[in-house]
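Here is the structure we will look at, set down as structure tokens.
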Amino acid sequence: MAEAPETDAPGPSTEVCGPLEEIAKGHTIHEEFYTFVERSVEMGGKPFSELSVEEARVQGEEMTRVFSGEVDFDGEVREIIIPSPFAKEGIPTTIYKPSNVSEIPTICVYFHGGGFILFNRKSYETCLKTLARDSGVIFLNVEYRLLDEAETPTAPFDDAVHVTKWVMDNREAVGGHPESKVGVGGDSAGGQLTITVTNELQGLDFQILIYPNSDLSFEQPSVQEFANCPGLSMKDVQWFCKHSIDRIPGNVTNPKINGMARTNTELSPPALVLLADLDPLRDSGMAYAEKLRGAGVSVRIVIIEGVPHIFFGLPGVFKTKCEEAYGHVVQFLKELQQN
């Protein structure tokens, strides 16, 4: 994958990118991260922790509109409603079935990030179309219920497990084959949901964890090291938790909510764990990956250097870094389909 040159020196507009100066003393920062910060400030962007939930949603939608970019997709895009006992109107889901699928196509059920508060299927359209197109895998983009809108505090976790189980039982309904491999993936909060699914369902063929929030103790070294990192600071993390999982009693010890509380990791499917280098949650993902390895699970760990937590869903600004990250996901999926 082609990659833009990196530099240890401050990038464009050092005044605008001031928050990165301290991090730059010990880490290489990719120029696309500087561009992201500069353009975010130009747009009037603020840390999520300084906004109301509604303001954060508006800002998040604008961010993804500007930074997600577009992609040509050759294939079928279809909307379905997955019936659910948890949601009266069902769970809206978009299916991306590329034209280059095999006779027995692999299926990936994907859960977007956003701290259980922000973003939606539209936010991840470019990301998932790209992954589907390049891997030849059917991707499902799930509109799980966000926490502050739902009647039950475990709504997104319930939705994720139910949708995945439904897909496993109805592979042909989403364009697959009775023998299609089925796996799950997600970034950030979506990665946390992916862990929940692999904790509660057996028979899955793979999991893709993109910088998952997998240890609610928040005691790892990266939490302090990148506490003030633009994109996702620890104040932002605390803000997201306040409006979402902090409302779930006993969340730290509940294996449905906290990956590091799991005791049945040996039942997990093979995993790709992809982490952002400059992310307060980086070591959380690493700890969970090592927990899986310790239980005998096949795990591939990739760290994308020079980028923050939020980069994976923003290929319009993190062009080369998303190309690099998506390449690892595509390779993982292609190898899986060959086995």
Side-chain angles (χ1 to χ4, degrees), residues 80 82 84 86 91 93 95-97 101-102 104-113 128 131-132 135-142 144 154 156-214 255-274 285 288-289 291-302 328-339:
I80 65 169
I82 294 177
S84 170
F86 303 109
I91 301 171
T93 300
I95 301 170
Y96 306 114
K97 183 177 181 179
V101 293
S102 65
I104 304 178
T106 296
I107 301 166
C108 181
V109 182
Y110 194 90
F111 309 106
H112 68 77
L128 298 188
L131 292 175
S135 66
V137 168
I138 297 171
F139 270 78
L140 272 66
N141 189 357
V142 181
Y144 60 85
T154 59
F157 301 92
D158 297 334
D159 290 353
V161 174
H162 174 75
V163 165
T164 306
K165 180 64 167 61
W166 186 89
V167 172
M168 293 173 74
D169 293 339
N170 297 274
R171 301 171 202 222
E172 291 176 283
V174 299
H177 182 278
E179 297 179 14
S180 286
K181 293 179 178 178
V182 177
V184 283
D187 62 288
S188 193
Q192 190 173 350
L193 293 177
T194 298
I195 293 172
T196 295
V197 172
T198 63
N199 182 56
E200 302 213 352
L201 295 178
Q202 274 71 62
L204 290 160
D205 294 290
F206 63 91
Q207 59 182 312
I208 300 170
L209 302 174
I210 313 296
Y211 40 70
N213 185 11
S214 51
K256 184 171 184 174
I257 311 301
N258 185 12
M260 290 302 286
R262 282 188 63 174
T263 59
N264 66 341
T265 43
E266 72 279 359
L267 300 176
S268 289
L272 170 64
V273 180
L274 191 146
Y288 186 71
K291 181 180 177 74
L292 289 175
R293 274 186 176 167
V297 177
S298 173
V299 180
R300 180 179 303 175
I301 302 171
V302 176
H328 287 290
V329 175
V330 168
Q331 181 182 3
F332 176 76
L333 290 170
K334 285 187 173 181
E335 290 176 6
L336 180 91
Q337 293 174 90
Q338 293 167 1
N339 295 332

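Excluded from the calculations below are hydrogen atoms, water molecules and symmetry mates; all remaining heavy atoms, backbone and side chain alike, are included.
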message: Could you tell me if the side chain of Val329 sits less than 4.5 Å from the side chain of Lys334, heavy atoms only?
response: no

query: Is any side-chain heavy atom of Tyr288 closer than 4.5 Å to a side-chain heavy atom of Val273?
result: no

query: Excluding sequence neighbours, so at least two apart, what forms side chain to side chain donor-acceptor pair (under 3.5 Å) with Ser188?
result: His309

- request: Output, in order, the C-alpha distance, side-chain angles, deciding distance and verdict of side chain to side chain contact (heavy atoms under 4.5 Å, CB included) for Leu209 and Leu272.
  value: CA-CA 6 Å; Leu209 302 174; Leu272 170 64; over 6 Å; no

- request: Starting from the C-alpha separation in whole Å, work towards a yes-or-no answer on side chain to side chain contact (heavy atoms under 4.5 Å, CB included) for Val163 and Val109.
  value: CA-CA 8 Å; Val163 165; Val109 182; 4.0 Å; yes

Ala189: side-chain contact (heavy atoms from CB on, under 4.5 Å) partners, not counting sequence neighbours: Phe116

statement: Contacts of Val101 meeting side-chain contact (heavy atoms from CB on, under 4.5 Å) (sequence neighbours excluded), chain-then-number -> Lys97, Pro98, Pro105, Ile138

message: Within the structure provided, determine whether Leu131 and Leu128 are in side-chain contact (heavy-atom separation under 4.5 Å).
response: yes

task: Give the C-alpha distance, both sets of side-chain angles, the deciding distance and a yes or no for side chain to side chain contact (heavy atoms under 4.5 Å, CB included) between Ile107 and Lys181.
output: CA-CA 6 Å; Ile107 301 166; Lys181 293 179 178 178; over 6 Å; no

message: Test of understanding: with salt bridge (charged side-chain N to carboxylate O under 4.0 Å, His left out), list the residues that count as partners of Lys256, not counting sequence neighbours.
response: Asp158

field: side chain to side chain donor-acceptor pair (under 3.5 Å) involving Asn141 - partner list, sequence neighbours excluded
entry: Tyr96

- request: With sequence neighbours left out, write down each residue that passes salt bridge (charged side-chain N to carboxylate O under 4.0 Å, His left out) with Asp159, or none if nothing qualifies.
  value: Arg145

task: Using the side chain to side chain donor-acceptor pair (under 3.5 Å) rule, collect all pairs that involve residues 166-180, keeping only residues at least two apart or in two chains.
output: Lys165-Asp169

- prompt: Are any non-hydrogen side-chain atoms of Val297 and Glu266 less than 4.5 angstrom apart?
  reply: no

message: Could you report the tightest heavy-atom contact between Gly186 and Thr194, atom names first, then the distance?
response: N-OG1, 3.3 Å

Partner set under side-chain contact (heavy atoms from CB on, under 4.5 Å) for Pro269, not counting sequence neighbours: Thr198, Leu204, Gln207

message: Under the rule for side-chain contact (heavy atoms from CB on, under 4.5 Å), what residues qualify as partners of Gln338, not counting sequence neighbours?
response: none

message: The criterion is ring pair (Phe, Tyr, Trp, His ring centres under 6.0 Å); which residues satisfy it with Phe111, sequence neighbours excluded?
response: none

query: Does the side chain to side chain donor-acceptor pair (under 3.5 Å) test come out yes or no for Ser268 and Arg262, once each step is laid out?
result: CA-CA 11 Å; Ser268 289; Arg262 282 188 63 174; 3.1 Å; yes

- prompt: How close do Val137 and Thr106 get, heavy atom to heavy atom, and via which atoms?
  reply: CG1-O, 3.4 Å

field: Nearest heavy-atom neighbours spanning Tyr144 and Gly113
entry: OH-O, 4.2 Å

- prompt: Is Leu193 close to Pro156 at the side-chain level, that is, under 4.5 Å between some pair of heavy atoms?
  reply: yes

task: Nearest 0.5 Å please: distance from the OG1 atom of Thr93 over to the CD1 atom of Ile82.
output: 3.5 Å

query: Among all residues two or more places apart in sequence or in another chain, which pass the salt bridge (charged side-chain N to carboxylate O under 4.0 Å, His left out) test with Glu335?
result: Arg300

field: Inter-residue atom distance Glu200.CD - His162.NE2, 0.5 Å rounding
entry: 13.5 Å

query: Between the side chain of Asp187 and the main-chain N/O of Ile210, is any donor-acceptor distance below 3.5 Å?
result: no

message: Checking Thr265 against Met260 for the side chain to side chain contact (heavy atoms under 4.5 Å, CB included) test, could you report, in this order, the C-alpha distance in whole Å, the side-chain angles of both residues, the deciding distance, and whether it holds?
response: CA-CA 9 Å; Thr265 43; Met260 290 302 286; over 6 Å; no

Spatial distance of atom CG (Asp205) from atom SG (Cys108) [nearest 0.5 Å]: 11.0 Å

- prompt: Counting only N and O atoms by type, is there a donor-acceptor contact under 3.5 Å from the side chain of Gln337 to the main-chain atoms of Leu333?
  reply: yes

query: Angle class for the Phe139/Tyr110 ring planes (parallel below 30°, perpendicular above 60°, tilted otherwise)?
result: tilted

statement: Applying side chain to side chain donor-acceptor pair (under 3.5 Å) to Ser214 and not counting sequence neighbours gives Ser284

- prompt: Is the shortest heavy-atom distance from the side chain of Leu140 to the side chain of Val174 under 4.5 Å?
  reply: yes

